[in-house]
Peer 1: 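Questions regarding the structure given below will be posed in turn.
Predicted, not measured: the structure shown is a model, and the values here were computed from it. Positions are given from 1 along the sequence. No hydrogens, no waters, no symmetry mates; every other heavy atom, side chains included, goes into these values.
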Amino acid sequence: ENKELENAHNNIIKAQRIIEEFMATLDMDYDISKNLYSLYDYMHRRLIDANIRKDKEILEEVLGFARQLRDTWAQAMKLAKGVNK
């Protein structure tokens with residue numbers, strides 16, 4: 001938005017690396033890991049597209065997925081803590 005292209009590039013690269021780490025640490029023995037891998041792969045490819053095009057809408061799409069994942073994991077943690085009591 002501010003036309004700070006180098007800063008945008010660097011931050012998108014950071015986001016790509018985070019997604020790459022998520023992908024690398026999945027235990028593929030579980031079906032959910034395969035599903036998460038597909039989602040992470042999609043997000044990663046979209047980040048590459050966003051970086052090439054400097055497209056804010058693509059970034060917002062990926063951010064939406066990231067927020068949904070964060071909220072899902074937060075809910076899962078609450079449920080897990082309730083089960084362990």
Side-chain angles (χ1 to χ4, degrees):
E1 232 174 46
N2 299 333
K3 304 298 180 201
E4 295 178 23
L5 298 181
E6 185 176 348
N7 192 31
H9 170 79
N10 291 335
N11 286 320
I12 294 170
I13 293 294
K14 287 178 188 177
Q16 285 175 238
R17 288 183 180 145
I18 291 168
I19 297 296
E20 289 166 3
E21 187 65 23
F22 288 164
M23 293 168 76
T25 59
L26 286 170
D27 182 346
M28 298 308 283
D29 290 337
Y30 300 96
D31 286 336
I32 192 163
S33 295
K34 294 171 185 148
N35 294 333
L36 283 170
Y37 188 92
S38 294
L39 178 58
Y40 293 153
D41 182 56
Y42 177 78
M43 292 169 68
H44 187 263
R45 286 184 284 117
R46 293 300 283 162
L47 286 170
I48 292 169
D49 288 342
N51 205 2
I52 291 168
R53 300 175 189 178
K54 300 300 186 255
D55 188 323
K56 180 182 173 185
E57 288 181 24
I58 296 173
L59 292 173
E60 289 173 354
E61 173 193 5
V62 174
L63 182 58
F65 285 124
R67 285 182 175 148
Q68 287 179 353
L69 281 168
R70 177 202 61 203
D71 294 346
T72 300
W73 282 114
Q75 185 65 26
M77 293 301 295
K78 286 179 187 176
L79 291 172
K81 286 180 182 178
V83 169
N84 293 329
K85 286 185 177 180

Peer 1: Please enumerate all residues that pass side chain to side chain donor-acceptor pair (under 3.5 Å) together with Gln16, with sequence neighbours excluded.
Peer 2: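 Residues passing side chain to side chain donor-acceptor pair (under 3.5 Å) with Gln16: none at all.
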
Peer 1: Asn35: which residues meet the side chain to side chain donor-acceptor pair (under 3.5 Å) condition with it, sequence neighbours left out?
Peer 2: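 Checked Asn35 against side chain to side chain donor-acceptor pair (under 3.5 Å); zero matches.
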
Peer 1: Hydrophobic clusters join Ile, Leu, Val, Met, Phe, Trp and Tyr when side-chain heavy atoms are under 4.5 Å apart, directly or via other members; which others share one with Ile52?
Peer 2: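 Grouped by the 4.5 Å side-chain rule, Ile48 form the rest of the cluster around Ile52.
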
Peer 1: Taking distance alone, no hydrogens or angles, what donor-acceptor pairs closer than 3.5 Å link side-chain atoms of residues 19-33 to residues at least two apart or in another chain?
Peer 2:
from: Glu20; atom 1: OE2; to: His44; atom 2: NE2; distance (Å): 2.8
from: Thr25; atom 1: OG1; to: Glu21; atom 2: O; distance (Å): 3.0
from: Thr25; atom 1: OG1; to: Phe22; atom 2: O; distance (Å): 3.3
from: Asp27; atom 1: OD1; to: Asp29; atom 2: N; distance (Å): 3.1
from: Ser33; atom 1: OG; to: Asp27; atom 2: O; distance (Å): 2.6

Peer 1: Can I get a per-line list of side-chain donor-acceptor pairs under 3.5 Å for residues 67-78, giving both atom names and the distance, sequence neighbours left out?
Peer 2:
from: Thr72; atom 1: OG1; to: Gln68; atom 2: O; distance (Å): 2.8

Peer 1: May I ask you to test the Met43-Leu39 pair for a side-chain heavy-atom distance under 4.5 Å?
Peer 2: yes

Peer 1: By side chain to side chain donor-acceptor pair (under 3.5 Å), which residues pair with Arg53, not counting sequence neighbours?
Peer 2: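 If we apply the side chain to side chain donor-acceptor pair (under 3.5 Å) test to Arg53, skipping adjacent residues, there are no hits.
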
Peer 1: If the condition is side chain to side chain donor-acceptor pair (under 3.5 Å), which residues does Lys54 pass it with, not counting sequence neighbours?
Peer 2: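 Lys54 satisfies side chain to side chain donor-acceptor pair (under 3.5 Å) with Asn51 only.
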
Peer 1: Can you list the residues that meet the salt bridge (Lys or Arg N to Asp or Glu O under 4.0 Å) rule with Asp49, with sequence neighbours excluded?
Peer 2: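 Asp49 satisfies salt bridge (Lys or Arg N to Asp or Glu O under 4.0 Å) with Arg46 once adjacent residues are dropped.
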
Peer 1: Test of understanding: with side-chain contact (heavy atoms from CB on, under 4.5 Å), list the residues that count as partners of Ala8, not counting sequence neighbours.
Peer 2: none

Peer 1: Run the side chain to side chain contact (heavy atoms under 4.5 Å, CB included) check on Arg45 and Asp41 step by step: do they pass?
Peer 2: CA-CA 6 Å; Arg45 286 184 284 117; Asp41 182 56; 3.2 Å; yes

Peer 1: Please list all pairs passing the salt bridge (charged side-chain N to carboxylate O under 4.0 Å, His left out) test where one or both residues lie in residues 6-16, with sequence neighbours left out.
Peer 2: none

Peer 1: Identify whether Leu47 and Ile13 are in the same connected component of the hydrophobic contact network (ILVMFWY, side-chain heavy atoms under 4.5 Å).
Peer 2: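 No; Ile13 is not reachable from Leu47 via cluster members.
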
